[in-house]
Amino acid sequence: MFSPADEHFMAHALRLAARGLFTATPNPRVGCVIVRDGAIVGEGFHERAGEPHAEIHALHAAAERTAGATVYLTLEPCCHHGRTPPCVDALVAAKVGRVVAAMQDPNPKVAGDGFARLRAAGVDVEAGLLEDEARELNIGFVARMTRGRPWVRLKVAASLDGKTALGNGRSQWITGEEARVDGHRWRARACAILTGIGTVKSDDPQLTVRAVETSRQPLKVLVDSQLEASLDARLFAGGHTLVAAAVDDGKKAARLRDRGAEVVLLPNAAGKVELGELMRELARRELNEIHVEAGFKLNGSLVAAGVVDELLVYLAPSLIGESGRGMFALPAIEDLAQWRQLAWRDVQRLGADLRILARFAPAA
């Protein structure tokens, strides 16, 4: 169905799409390559919401060389009016002959209609080339569109015996510089960085991307059921912070708003923040990927609530011992059949440390 040349050009389109890794949110990361007579005549990627899509950049670059050309797209072209006009219309007007897409757009406003409109205009359409790679690149966008909540990646830095801090809470630094820089790359691709009040009290984190260059800072999300955060906490610097609470304390909320934060009330029956509803709220705010950097209590609560999709674990070649704090506060199980199963996705060495990416199996 697909030739080696098709795979070559689609791989290039995926590399282009990855250039929007830190910036395209809330839109998907999309790359486009236009080929005529075996040569690339135009290419582009989507950088920011509200700016031209990948197809438009590529069509402008190709200029008058689009008639009968093959267009390689990492995602089905849009066919609706959003922040920009439909890309399908531009492709039809350019008289392209063939469109090869990696995957169908999961957005219900598109979801195959883009392909249908191209075919109705006489364009040859094929889909499914390097689909897995395209899906991974937009795993958060796909999650938000298909299940109504973001993709949640929980990051942990620990000793080899699974301890994330000393018994007194000190945790800086368990892993080395290379692992810490890599962690900032994962922060940069996320739409939001989420933490809990325990981490704010013990570490006073900034929750910003600093070790890698980026033009966009993710939203900072604080789970603070009782609104205990100090107004001097560093994560409030510069605003762009969402506080999820379980108590309706107007005075505390007003003080937080004066610091540039937004407070959203999401209580559960136990007087804590309802974590599932928090994730749905973040999806309603068009957030695709959530990067969690929290303590073992909130980590455990998120896992127990079934809202964590993936673990990003950095393991240092060290031992802290039983007095240290663990990765997750989870309820005891009585049988191994009750454990949460994970699948290894990737293992790499970063300096002296190991980085493990593991994904939870879907809940039964």
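- Salt-bridge annotation for E126 and R98: present, with a side-chain N of the basic residue lying under 4.0 Å from a carboxylate O of the acidic one.
- Within the 4.5 Å cutoff, side-chain heavy atoms of V209 are placed close to those of Q217.
- Side-chain atoms of S215 and R48 form a donor-acceptor pair, as typed in the model, at a separation below 3.5 Å.
- Looking at D309 and R147, a side-chain N of the basic residue comes within less than 4.0 Å of a carboxylate O on the acidic one, giving a salt bridge.
- For the salt bridge (Lys or Arg N to Asp or Glu O under 4.0 Å) with E289, the qualifying choice from R187, K155, R144, R153 is R153, the only one to do so.
- Note on ring orientation: taking the six-membered ring where Trp is involved, the planes of H46 and H53 are perpendicular (angle over 60°, cut-offs 30° and 60°).
- Under a 4.0 Å N-O distance rule, the pair R284/E281 qualifies as a salt bridge.
- A donor-acceptor pair is defined here as one N or O able to donate and one able to accept, closer than 3.5 Å; such a pair exists between the side chain of R117 and the backbone of C79.
- Between the R180 side chain and the T175 main chain, a donor and an acceptor come within less than 3.5 Å of each other.
- Checked for salt-bridge contact, D182 and R185 meet the test: a charged N lies under 4.0 Å from a carboxylate O.
- Residues R29 and F22 form no side-chain contact, since every pair of their non-hydrogen atoms from C-beta on lies 4.5 Å or further apart.
- Side-chain contact between L311 and M327 is absent, with no heavy atoms from C-beta onward closer than 4.5 Å.
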